[in-house]
Amino acid sequence: MTGVGVPTRGALEQAWAEVLARDLQDGTMAGSVARFAEHAGENLDGLAVQLADGTWKPHDLTAVEIISGERTRTIHVPSARDRVVERALLDMVTPLVDPWLGPAAFGYRPGLGVADAVQAVVALRDEGLGFVLRTDVDECFPSIPAGLALRMFECLVKSDALTALVTLLFQRPSRAAGGTRTLLRGLPLGCALSPILTNPVLTRLDEPLLEEGFALVRYADDIVVATETPGDAWEAARVATAALERMGMRLGSDKTDVMSFEQGFCFLGEDFGSRYPPAIPHHRVEAPDRRVVYVGSQGSHVRIRQGRLVVESADDAPLLDLPTGQVSRVACFGAVGFSSGARNWALSQGVSTIFASRRGTYLGSLSPASDTARPKRLKTQVHASEDAATSLNFARRFVQAKLLKQAVLLRRYARRSHVEAIPPAVRAITHLRDMLPECVTVDEVRGIEGAAASEYFPALGALFPDALRFEARSRRPPLDVPNAALSYLYTILLGECETALRAAGLDPSIGFLHADTDGRPSLALDLMEEFRPLVVDQAVLGSARRTQLNSDHGRTEPDRAGVLLTKAGRTAMVDAYEHRMLQTTRGALPDYSGSLRRHLYRQAQRLVRALHEPEHVWTGLSWR
């Protein structure tokens with residue numbers, strides 16, 4: 001195992017800028033930071049050399065007592081030079097650790113914060129879970145088993161160099177005011193790396209609770225478990241106590257209690273009640289400058305008239321009329337006419353247009369002329385697709401990203417009533433995901449993906465309301481409303497993936513995981529794998545649980561098998577899909593923020609870079 005190397009001079013310089021900015025937040029500069037700043041360039045050069053040749057050694061921590069109310073706690077402050085190294089390491093390892101933290105963890109994760117945790121608790125309240133277990137971990141950082149934390153870090157990061165540096169940092173003693181040096185128990189409070197080592201350890205608290213179907217929101221070591229009854233809440237306390245005791249830790253007895261939303265309680269500084277804080281439907285939703293137009297009325301036609309996009313019904317009744325400058329994409333389903341003027345406008349303005357059957361089968365798209373750099377990219381893409389090792393590497397990563405998100409979705413929505421269906425499926429999917437590194441052919445990776453699907457869809461179906469539950473994925477034709485909704489949105493998503501790849505200069509038909517047979521857009525299918533559970537499956541399941549999708553949204557036709565969505569059903573699904581795609585996130589990819597739609601395009605661009613720069617590793621998004 002070798003993996004990622006030590007921080008570079010550029011990484012250290014960026015880390016120094018972060019350390020300096022944080023230190024100046026209170027308006028004054030600490031002495032050690034001021035001394036480092038006097039010769040910052042030379043100091044950074046020296047650190048880079050020492051890290052590269054293995055001679056760098058950290059200084060002792062400085063113990064500082066902080067008085068907060070009636071409580072005194074001790075934090076252990078690193079020197080300025082060590083803070084720079086720690087911050088550089090944190091920036092490097094966060095993208096490697098964060099994707100594995102699961103759906104319950106909200107603290108110390110880029111792009112997630114108190115507001116997200118609060119809205120998660122609000123959603124559980126509005127779901128009808130009226131009671132909560134409120135607790136925390138007693139003396140969390142000092143009681144973390146440091147050996148376990150380092151072993152988990154090593155497994156996740158897979159870098160001898162980084163593990164060695166982090167081990168040095170957590171073996172350093174702390175020096176008190178009188179000069180006494182003490183080796184610390186656990187992890188030091190005050191070290192930038194302590195939270196990212198703590199979070200993986202606390203997944204060993206999360207997992208038993210999620211396994212039992214408890215709805216958990218954890219912000220660092222501050223915990224809420226929402227339940228239907230007080231008895232379930234106390235059972236959650238028992239499960240949490242046992243999980244922590246296995247690691248030599250314990251719950252904070254003075255903060256552990258069962259409460260109700262009616263009574264009220266405080267979490268993360270927010271007072272919760274039966275109605276407050278309110279749900280914010282558009283929390284982290286980005287209002288688009290331009291909109292996607294979906295046309296599904298059979299016999300309708302799309303035209304351009306005096307700078308406006310006009311959609312008219314089969315009998316020429318107006319259905320939509322808006323300025324062309326407000327349109328970003330067009331999606332047509334079934335017997336929809338698209339005029340030559342509309343075609344010319346779409347191609348000349350770079351407005352992607354997809355076409356699908358009425359049942360949601362993807363048919364094709366309009367794409368503008370390619371850029372001059374595209375031939376070079378295509379040659380690289382073809383060469384990579386013909387190389388067995390490269391294809392295998394990409395296929396593994398596509399499926400790994402998908403399976404991670406399938407497990408997160410099942411855990412996020414599972415409740416006590418699902419304990420027989422969901423935990424076994426999650427365990428099976430996790431086991432299959434762990435087998436991916438052992439696959440030696442793309443066919444074996446496809447086998448893993450197929451086996452995971454056979455576990456995932458029955459479990460997903462069990463999470464739907466009784467009237468909409470299904471036992472298997474059915475397509476061509478879908479046999480029930482949820483499967484019809486999934487197929488419909490998968491088609492829309494596939495069209496977006498094809499557009500994103502063409503915009504990046506790649507050919508959507510030349511893929512790695514999916515076979516390039518039957519004219520399928522194989523690379524678009526590859527790209528969309530992680531977005532299936534992240535966007536579509538969550539949109540459909542969430543709509544069903546909020547009754548925005550119901551059994552009345554399906555219809556059948558004489559002499560034709562399967563279920564079609566009604567107009568109201570299609571509208572509900574498009575609304576849910578757009579809402580999800582417009583949700584903004586930060587931290588799902590390193591140094592990137594924006595809507596999930598922007599992240600889809602970013603993933604296509606990262607594919608280009610991974611194809612041209614083999615040292616750049618393509619990874620999936622972290623769930624947000």
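All values below come from the heavy atoms of this structure, side chains included, with hydrogens, waters and symmetry mates left out.
For Arg475, the CZ atom sits in a loose shell: 12 or fewer heavy atoms of surrounding residues, nucleotides or ligands are nearer than 6.0 Å. Heavy atoms of other residues, nucleotides or ligands lying less than 6.0 angstrom from NE2 of His431 number 12 at most.
In this structure, the ring of Tyr488 has its center less than 6.0 angstrom from the ring center of Phe333. The ring of Phe470 has its center no closer than 6.0 angstrom to the ring center of Phe457.
No donor-acceptor contact under 3.5 angstrom links the side chains of Tyr413 and Glu127, judged on distance only. A donor and an acceptor atom, one from each side chain of Arg598 and Thr584, are nowhere located under 3.5 Å apart. Between the side chains of Gln603 and Glu530, at least one donor N or O sits under 3.5 Å from an acceptor N or O.
A salt bridge (charged side-chain N to carboxylate O under 4.0 Å, His left out) check over residues 572-587, counting only residues at least two apart or in different chains, returns the pairs Glu578-Arg597. Sorted by first and then second residue, the pairs that involve residues 280-328 and meet ring pair (Phe, Tyr, Trp, His ring centres under 6.0 Å), not counting sequence neighbours, are His282-His579.
Legend: residues meeting salt bridge (Lys or Arg N to Asp or Glu O under 4.0 Å) with Asp321, ordered by chain and number and at least two apart, are Arg308. Asp480 pairs by the salt bridge (Lys or Arg N to Asp or Glu O under 4.0 Å) definition with nothing, not counting sequence neighbours. Under the salt bridge (Lys or Arg N to Asp or Glu O under 4.0 Å) criterion, Lys402 pairs with Glu449, Glu529, sequence neighbours left out. By the salt bridge (Lys or Arg N to Asp or Glu O under 4.0 Å) test, Arg624 is found to be paired with Asp98, residues two or more places apart in sequence or in another chain being considered.
Using a distance-only test at 3.5 Å, with no hydrogens or angles considered, a donor-acceptor pair links the side chain of Asp526 to the main chain of Leu513.
Using a 4.5 Å heavy-atom cutoff, the side chains of Phe214 and Arg416 are in contact.
Ion pairing between Glu557 and Arg555 holds under the 4.0 Å rule for side-chain N and carboxylate O. A salt bridge does not link Arg396 with Glu444: none of the charged nitrogens is closer than 4.0 Å to a carboxylate oxygen.
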